[in-house]
Amino acid sequence: QVQLVESGGGSVQAGGSLRLSCAASGNIFSIGVMAWYRQAPGKQRELVGSITSGGRENCVDSVKGRFTISRDNAKNTVTLQMNSLKPEDTAVYYCYALVKSIASMSGFYAYWGQGTQVTVSS
């Protein structure tokens, strides 16, 4: 079984910074793409950005230049560094990973973290 556990959420004033981390654990053989999604109240979950196992990162236009995604393949972790935060960044942030587990070597399966709240006040 594979688990993703996020940490680092909280409350901050506009213009501030937060750093979210996500650690994958369990019977992991390999991890493909890792990503961050967010869901604001009353809205659908949306992609924030992703990073491949080779380190190629891509963030959506609304956060580009403010948010950075990085990963440590040796530790099975992914990090979202959020700078210049705006009130519209307020949401629950979810970690996502495509994982090939030792128990299921047939392919990669999607796993989600439990979510962590980020609140940005004006």
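Counting begins at 1 with the first residue of the sequence.
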Answer yes or no: is there a donor N or O on one side and an acceptor on the other, between the side chain of Thr79 and the main chain of Ser21, under 3.5 Å?
-> no

Which ring pair (Phe, Tyr, Trp, His ring centres under 6.0 Å) pairs, counting each pair once, include a residue from residues 32-51, with sequence neighbours left out?
-> Tyr37-Tyr96, Tyr37-Trp112

For the student: nearest non-hydrogen atoms of Met82 and Leu20, plus distance | CE-CG, 3.7 Å

To the nearest 0.5 angstrom, please state how far the CZ atom of Arg56 sits from the CD1 atom of Ile69.
-> 13.0 Å

Student check: side-chain heavy atoms of Gln81 and Ser17 closer than 4.5 Å = yes

Check: Glu6 and Gln114 side chains under 4.5 Å, non-hydrogen atoms = yes

Under a 4.5 Å side-chain heavy-atom rule over Ile, Leu, Val, Met, Phe, Trp and Tyr, are Leu85 and Val60 clustered together?
-> yes

Just jot down the side chain to side chain donor-acceptor pair (under 3.5 Å) partners of Glu46, sequence neighbours excluded, or say none.
-> Arg38

One should read off an interatomic distance between Ile31 CD1 and Leu4 CG, to the nearest 0.5 angstrom, of 7.5 Å

Determine which pairs satisfy disulfide (SG to SG under 2.5 Å) with at least one residue from residues 25-101, sequence neighbours left out, and list them in order.
-> Cys22-Cys95

Val118 with Val5, same ILVMFWY side-chain cluster at under 4.5 Å = no

Nearest heavy-atom pair of Pro87 and Ala14: which atoms, and what distance?
-> CD-CB, 4.1 Å

CG (Leu80) and CD (Glu57) are apart, to the nearest 0.5 Å, by 9.0 Å

In Å, rounded to the nearest 0.5 Å, how long is the span from CG of Asn27 to CD of Gln3?
-> 10.5 Å

Nearest 0.5 Å, what's the CD1-CZ distance between Ile102 and Phe29?
-> 8.0 Å

Do Tyr94 and Arg45 come within less than 4.5 Å of each other through their side chains, counting heavy atoms only?
-> yes

If you measure only the distance, is there a donor-acceptor pair under 3.5 Å linking the side chains of Ser50 and Asn58?
-> no

Are Lys86 and Asp89 ion-paired here, with the side-chain N under 4.0 Å from a carboxylate O?
-> no

Straight-line distance of Met34 CE to Thr52 OG1, nearest 0.5 Å | 11.5 Å

Shortest non-hydrogen contact between Leu18 and Gly10, atoms and distance | CD1-O, 3.8 Å

Hey, is CD on Gln39 packed in by over 12 heavy atoms from elsewhere, all under 6.0 Å?
-> yes

Candidate pair Gln117 and Ser11, rule side chain to side chain contact (heavy atoms under 4.5 Å, CB included), full reasoning | CA-CA 8 Å; Gln117 177 70 46; Ser11 297; over 6 Å; no

